[in-house]
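Heads up, the thing below is written out as structure tokens.
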Number of protein chains: 2
Amino acid sequence: MATRTDAPTRREQILKEAARLFAERGFHGVGVDEIGAAVGISGPGLYRHFAGKDAMLAELLVGISGQLLTGAKRRLAEADGAARPEAVLDSLIEGHIDFALDDRPLITLHDRELDRLRDSDRKLVRQLQRQYVELWVEVVREVHPGLAEPAARSAVHSVFGLLNSTPHLGRPGSLPGRAATAALLHRMARGAFAAASPAAG
Amino acid sequence: MATRTDAPTRREQILKEAARLFAERGFHGVGVDEIGAAVGISGPGLYRHFAGKDAMLAELLVGISGQLLTGAKRRLAEADGAARPEAVLDSLIEGHIDFALDDRPLITLHDRELDRLRDSDRKLVRQLQRQYVELWVEVVREVHPGLAEPAARSAVHSVFGLLNSTPHLGRPGSLPGRAATAALLHRMARGAFAAASPAAG
DNA sequence: CAGGGACGTTAGCGCTCGTTAACCTGATGG
DNA sequence: CCATCAGGTTAACGAGCGCTAACGTCCCTG
């Protein structure tokens, strides 16, 4: 992946600030004037870049879901064939943790403001999310064959809850460091999956 | 605990419906007219029972936090003295799971709408939440002495995220049954804590 | 039976918000 | 050198919101 070095476009600035504000105070809790102020322009100026407030949220949520799914598919393809299923699962976990630690506001939005979308956008996001979940379910069941499919699906959702708890972990600074936190979350996710099988215990 | 058999008061009806609506569409996304309609009266009629919309949210959040903390303290006292620390932790987990499964809308509100409260109410809720977390941290560290305090605190928050994932688990009906779900969550929580210690590999 | 409180109702006020309209400005390219 | 256009500005509109005011009705009690 080529790392971005050029300056972010205005659209990107707006999306980033909007994500932060939406995560902090909720979609309805943030006014367009505030979003504008956050990027140095004033309210209606945003409409040169987006069709409306809803469009910003839609682009954010679709982007998140797509990014997660794309990354997961890539990791699956990279580790394809010879790799132990454990390694594939570790790669998925690692990817999700990176996302949860680096883009906390987006993680918050992801399961909080979905209902504010137009029907078509919401269906799209839901479909991307479902694909992402099913991809995890398959890998988890390869690593833990004793796990029935419904239980595996519940386990995946629960581990997402665990990994997405990063916004509650205090500001980055009270944490024991990013690497240590990532390692802790990784161990816990693996432990949770391992304990999900009724046989183990 | 004496089980309620008498009819719920109007206040309780309102709180229950408000919790559901707030969880579904967010605090700002629900109008007082809707809350009123949900209990069969119309908008302004609510003001016979609550000082305002904010007051409903405050009462809900303070109630949740207090209930969680009170229940945890009771469980700790009941199992006091001779009990193995593992049994105490299991009791805490069980209590939290009961809450997460039986009061899903409240669980959703609990970490979503806290910022909408007046300063004094928010401080109160935060204090109750902190006490609840610290109580868990102590018990977890008794069960897993290898866990440093900051890591234990992060682990507790993460397990809360795991347990509070119940709203994402699909409507109760697609689930393999309440008991099975509770057992799955319980196993995963224990497994996550066990895997949190760096020593365990 | 009078009186009052509990619990509703509808009408409407005042404010905020998303959005549009109308206008301005600086860079760009034929 | 002028036309165009991207990207801003402020003013204002219309809708929806929380909340209050004013009023009605039932039921309980002295």
Side-chain angles (χ1 to χ4, degrees), chain A residues 6-62 105 109 112-122, chain B residues 6-62 105 109 112-122:
Chain A
D6 48 336
T9 73
R10 172 105 315 164
R11 268 184 74 90
E12 290 168 333
Q13 285 182 48
I14 295 171
L15 283 177
K16 183 181 169 186
E17 293 303 310
R20 184 179 54 81
L21 290 168
F22 289 161
E24 282 175 6
R25 300 208 292 285
F27 180 68
H28 290 293
V30 180
V32 290
D33 289 353
E34 284 177 280
I35 303 174
V39 296
I41 69 180
S42 226
L46 296 171
Y47 287 75
R48 298 285 169 192
H49 304 275
F50 293 93
K53 198 183 160 196
D54 298 346
M56 300 179 206
L57 182 64
E59 187 155 330
L60 282 171
L61 293 185
V62 173
L109 279 185
R112 187 172 295 196
E113 307 286 357
L114 182 58
D115 304 320
R116 260 55 110 200
L117 260 50
R118 286 171 29 227
D119 271 25
S120 61
D121 289 324
R122 186 171 57 250
Chain B
D6 48 338
T9 72
R10 171 98 330 157
R11 268 185 74 90
E12 290 168 333
Q13 285 181 48
I14 295 171
L15 283 176
K16 182 180 170 186
E17 294 303 311
R20 184 179 55 80
L21 290 168
F22 289 161
E24 282 175 6
R25 299 207 292 284
F27 180 68
H28 290 292
V30 179
V32 291
D33 289 353
E34 282 177 282
I35 303 174
V39 297
I41 70 181
S42 227
L46 296 171
Y47 287 75
R48 298 287 170 194
H49 305 275
F50 293 92
K53 200 184 160 196
D54 298 345
M56 300 179 206
L57 182 64
E59 186 155 331
L60 282 172
L61 293 186
V62 172
L109 279 185
R112 188 170 294 196
E113 306 286 357
L114 181 57
D115 304 321
R116 262 54 112 200
L117 260 50
R118 288 172 27 226
D119 271 23
S120 61
D121 288 325
R122 187 172 55 249

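Letters A, B, ... mirror the listed sequences (proteins, then strands); counts begin at 1.
The footprint of chain A on DNA chain C, defined by a heavy-atom cutoff below 4.0 Å, extends from dG18(C) to dC23(C). Running 5' to 3' along DNA chain D, contacts with non-hydrogen atoms of chain A at under 4.0 Å begin and end at dG7(D) to dA11(D).
The backbone N or O of T9(A) sits less than 3.5 Å from a side-chain atom of E12(A), completing a donor-acceptor pair. Not one N or O on the side chain of E59(A) forms a donor-acceptor pair closer than 3.5 Å with the backbone of M56(A).
Under the side-chain contact (heavy atoms from CB on, under 4.5 Å) criterion, L117(A) pairs with L57(A), A58(A), L61(A), L114(A), D121(A), R122(A), V125(A), not counting sequence neighbours. Evaluation of the side-chain contact (heavy atoms from CB on, under 4.5 Å) rule for A51(A) yields A55(A) as partners, not counting sequence neighbours. With sequence neighbours left out, F50(A) forms a ring pair (Phe, Tyr, Trp, His ring centres under 6.0 Å) with no residue at all. Here A37(A) pairs with nothing under the side-chain contact (heavy atoms from CB on, under 4.5 Å) rule; sequence neighbours left out. Contacts of R116(A) classified as salt bridge (charged side-chain N to carboxylate O under 4.0 Å, His left out), with partners at least two apart in sequence or in another chain: E113(A).
Residues in residues 32-44 of chain B take part in these side chain to side chain donor-acceptor pair (under 3.5 Å) pairs, two or more places apart or across chains: R25(B)-E34(B). Residue pairs meeting the ring pair (Phe, Tyr, Trp, His ring centres under 6.0 Å) criterion with at least one member in residues 9-46 of chain A, sequence neighbours excluded, are F22(A)-F27(A). Among residues at least two apart or in separate chains, there is no side chain to side chain donor-acceptor pair (under 3.5 Å) pair with a member in residues 43-56 of chain A.
H49(A) comes within 4.0 angstrom of the backbone, heavy atoms only, and of no base.
Listed by residue number, the members of residues 29-46 of chain B with any heavy atom below 4.0 angstrom from DNA chain C are I41(B), S42(B), P44(B), G45(B).
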